[in-house]
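Just so you know, ligand 1 is whichever comes first in the structure, and atom 1 is the first atom listed for that ligand. As a basis for the values below, the full set of heavy atoms in this structure was taken, side chains included, without hydrogen atoms, waters or symmetry mates. Residue numbers count from 1 along this sequence. Just so it is clear, the model here is predicted, and its values are computed rather than measured.
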Amino acid sequence: MPEKFEVVVIGAGPAGAAAAITTSKAGMNTLVLERGDFSGAKNMFGGLVFSKPTAEIIPEFWKTAPIERKIIEHQYWLLSEESHVQISHRNQKFIRDFNSFTAFRARFDRWFASQAEAAGATLVTKTTATGVLMDSSGRINGVSTDRGDINSDVVITCDGANSLIAKGAGLHNEWKPEDIAIGVKETYSLPKDKIEDRFNIRGDEGVALMIYGGREEEYAGFLYTNKDTISFGIGAIMSDLAKSKSYNMPMQVLEWLKKHPSIKPLLEGASLREYTAHLIPEGGYNKIPPLYTDGMMVCGDAAMLVNALNWEGTNFAMFSGRFAGQTAIAAKKSGGNFSASQLAKYQAYLENSFVLKDLKKFRDVPHFISSHKHFLTLYPELMNDLLYRFFEVDGRPKEEHLNEMKKELYSKRGRIGLIKDAIGLYRKVLS
Ligand SMILES: Cc1cc2nc3c(=O)[nH]c(=O)nc-3n(C[C@H](O)[C@H](O)[C@H](O)COP(=O)(O)OP(=O)(O)OC[C@H]3O[C@@H](n4cnc5c(N)ncnc54)[C@H](O)[C@@H]3O)c2cc1C
């Protein structure tokens, strides 16, 4: 292995592979360092990858990518103790236009990294980057690893949620507990035909289900169908775990969910195959660290580029990796100037794309939700109660039911509270 590459990419997740594919295709001598035994070996997520961003990097990816199921239906479930309200949308267009699909990271990342190798990148696994090298002027000019130092013109760090390399280079301090979620996931084996019957799907169709409510704790749950497995888990903000005085809270919520009368039948007869946990940087736009410095760019989770509202992370990672790659290519063309002023182009690419546009649009949502926890606790409960009263037939006139519904609404949140919530929601999320 030469000791100098034009580009060193740290981490072979979606961001790193996308960056390496981009620079390698343009003929730049690119090294990708991955600490796992293979790309994806230690990686996990809920399960949804988005097709269009993937196709922009690997056209016709579906011919070779390890796809589990194509999502035809999105569901939101709002739970109470023993009921749920379901909002769902099934659309043939999701399949025709191929909007998203489920995958396992161990297979998907390995496949994605192999595309980088096919484009000409050198992938070195079982190697951990331990920090950056700097010249006497403070410009980053390489990476130190547990197997020795490597020099480069530019470093693209895509080392995921812990973001140790950017932190070590002084781009940011430790993430705050309110900006980081912990995600836990269980994978269940269930025969293909059972999955198809339970979720009303056929062939390679799949369902994505998000779950909220029913608990005092704020959490977001997910359930995704794979070929013959189900991915099921929750995410919870770290600072909430501290407040709940139980770092076991995600497991407690997961156990409760599994016994919930609406969810239990979906997992009946399924056998637990795997348990995994991982961090999710959810601070949003206001918490994004500096994205570049002299000789280095930061991508994906390492740069807090996750849209927590819609659990979108892989597409942000892929696009940021690609933009960093394009910036490196432009820097080389500019005569090999990899200074911060040249790498500022990376930020401009992101600002002109959905990545920073979406995060900016919803910049106040993380704080809004954390300061209005009743959206994820009280409102699901209320919606269940209101709908129960609406559908209940008990010999009393409907007007009595409606009056009771209004009374309950006002007593639990108050008229002013309801108006404030509606305005807040409109301003922060919808306007
Ligand atoms: C529970 C959960 C559910 C999620 N669900 C979804 C979902 O359904 N859809 C979606 O789009 N997103 C989802 N996400 C978010 C998504 O997984 C991330 O946003 C995405 O993986 C970020 O990609 P990345 O390449 O930036 O980082 P990662 O995927 O974390 O990849 C980082 C890579 O760098 C390697 N690495 C780390 N440090 C070093 C080092 N020092 N040296 C060498 N290699 C190193 C790691 O081994 C890893 O391969 C979820 C996340 C979690 C935790």
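Asp364 and Arg427 are not joined by a salt bridge, as no carboxylate oxygen comes within less than 4.0 angstrom of a charged side-chain nitrogen. The residues Lys287 and Asp179 are annotated as salt-bridged, a charged nitrogen and a carboxylate oxygen being separated by less than 4.0 angstrom. Using a 4.0 Å cut-off between charged nitrogen and carboxylate oxygen, Arg105 and Asp109 count as a salt-bridge pair. At a threshold of 4.0 Å, the pair Lys332-Glu6 counts as salt-bridged, since one of the basic side-chain nitrogens sits closer than that to a carboxylate oxygen. The residues Glu205 and Arg202 are annotated as not salt-bridged, no charged nitrogen and carboxylate oxygen being separated by less than 4.0 angstrom. Ion pair Lys70/Asp204 flagged as a salt bridge, since at least one NZ, NE, NH1 or NH2 atom sits closer than 4.0 Å to an Asp/Glu carboxylate oxygen. A salt bridge between Lys52 and Glu56 is absent, with no side-chain N of the basic residue lying under 4.0 Å from a carboxylate O of the acidic one.
Residue contact check for ligand 1: Thr145 places no non-hydrogen atom closer than 4.0 Å to it. Using a 4.0 Å heavy-atom cutoff, Tyr224 is listed among the residues neighbouring ligand 1. Distances shorter than 4.0 angstrom do not occur between any heavy atom of Thr130 and any atom of ligand 1. By the 4.0 Å heavy-atom criterion, Pro14 is counted among the residues contacting ligand 1. Heavy atoms of Gly47 approach ligand 1 to within less than 4.0 angstrom.
Looking only at atom types and distance, the side chain of His172 has a donor-acceptor partner in the side chain of Ser163 under 3.5 Å away. In this model, a donor atom of one side chain and an acceptor atom of the other lie less than 3.5 Å apart for Glu186 and Tyr188.
Nearest protein heavy-atom contact of atom 27 (O) of ligand 1 is Gly160 CA, 3.6 Å. Considering only non-hydrogen protein atoms, atom 19 (O) of ligand 1 sits nearest to Asp301 OD1, 2.6 Å. Atom 47 (O) of ligand 1 has its closest protein heavy atom at Glu34 OE2, 2.6 Å. Annotation: atom 50 (C) of ligand 1 to nearest protein heavy atom, Phe45 CB, 3.5 Å. Shortest contact from atom 4 (C) of ligand 1 to any protein heavy atom: Gly46 N, 2.9 Å. Protein heavy atom closest to atom 25 (O) of ligand 1, with residue, atom name and distance, is Ala15 N, 3.0 Å. Ranking protein heavy atoms by distance to atom 29 (O) of ligand 1, first place goes to Arg105 NH2, 2.5 Å. In terms of protein heavy atoms, atom 34 (O) of ligand 1 is closest to Gly11 CA, 3.1 Å.
Note that the CG atom of Leu123 and the CD atom of Glu117 stand 4.5 Å from one another [nearest 0.5 Å]. With values rounded to the nearest 0.5 angstrom, Met249 atom CE is found 8.0 Å from Glu218 atom CD.
On a distance-only criterion, Arg35 and ligand 1 share at least one N/O pair closer than 3.5 Å. Any N or O atom pair closer than 3.5 Å counts here, and Asn315 shares no such pair with ligand 1. Not a single N or O atom of Val184, backbone or side chain, sits closer than 3.5 Å to an N or O atom of ligand 1. Remark: ligand 1 and Asn43 share an N or O pair separated by less than 3.5 Å (distance only, no angle test). Of the N or O atoms in Gly313, one or more lie within a sub-3.5 Å distance of an N or O in ligand 1. Checked by distance only, ligand 1 and Val306 stay at 3.5 Å or farther apart across all their nitrogen or oxygen atoms.
Close approach of ligand 1 to Gly13 (heavy-atom distance below 4.0 Å) involves ligand atoms 25 (O), 31 (O), 33 (C), 49 (O). Close contacts between ligand 1 and Ile280 involve ligand atoms 2 (C), 51 (C), 52 (C), 53 (C) [criterion: under 4.0 Å to a heavy atom]. Here is the list of ligand 1 atoms found below 4.0 Å of a heavy atom in Leu33: 43 (C), 44 (N). If you number the atoms of ligand 1 from 1 as listed, the ones under 4.0 Å from a heavy atom of Cys158 come out as 32 (C), 33 (C), 34 (O). Heavy-atom proximity to Phe50, at under 4.0 Å, picks out these atoms of ligand 1: 11 (O). For ligand 1, the atoms sitting less than 4.0 Å from at least one non-hydrogen atom of Gly300 are 26 (O), numbered in the order shown with element in parentheses. Atoms of ligand 1 lying under 4.0 Å from at least one heavy atom of Gly183, given by number and element, are 1 (C). Annotation for ligand 1: atoms under 4.0 Å from non-hydrogen atoms of His278 are 53 (C).
Remark: Lys373 NZ is packed, more than 12 non-hydrogen atoms of other residues, nucleotides or ligands lying under 6.0 Å away. Remark: Arg110 CZ is loosely packed, at most 12 non-hydrogen atoms of other residues, nucleotides or ligands lying under 6.0 Å away. Annotation for Asp193: atom CG counts as buried by contact number, over 12 foreign heavy atoms lying within 6.0 Å.
Both the backbone and the side chain of Leu48 come within 4.0 Å of ligand 1, judged by heavy-atom distances. With a 4.0 Å heavy-atom cut-off, ligand 1 is reached by no atom of Asp109.
Ring to ring, Phe319 and Phe316 are not that close: their centroids are 6.0 angstrom or more apart.
Paired with Ile211 under the rule side-chain contact (heavy atoms from CB on, under 4.5 Å), one option of Phe222, Tyr76, Phe232 passes, and it is Phe232.
Ring planes of Phe94 and His74: perpendicular class, angle over 60° (limits at 30 and 60°).
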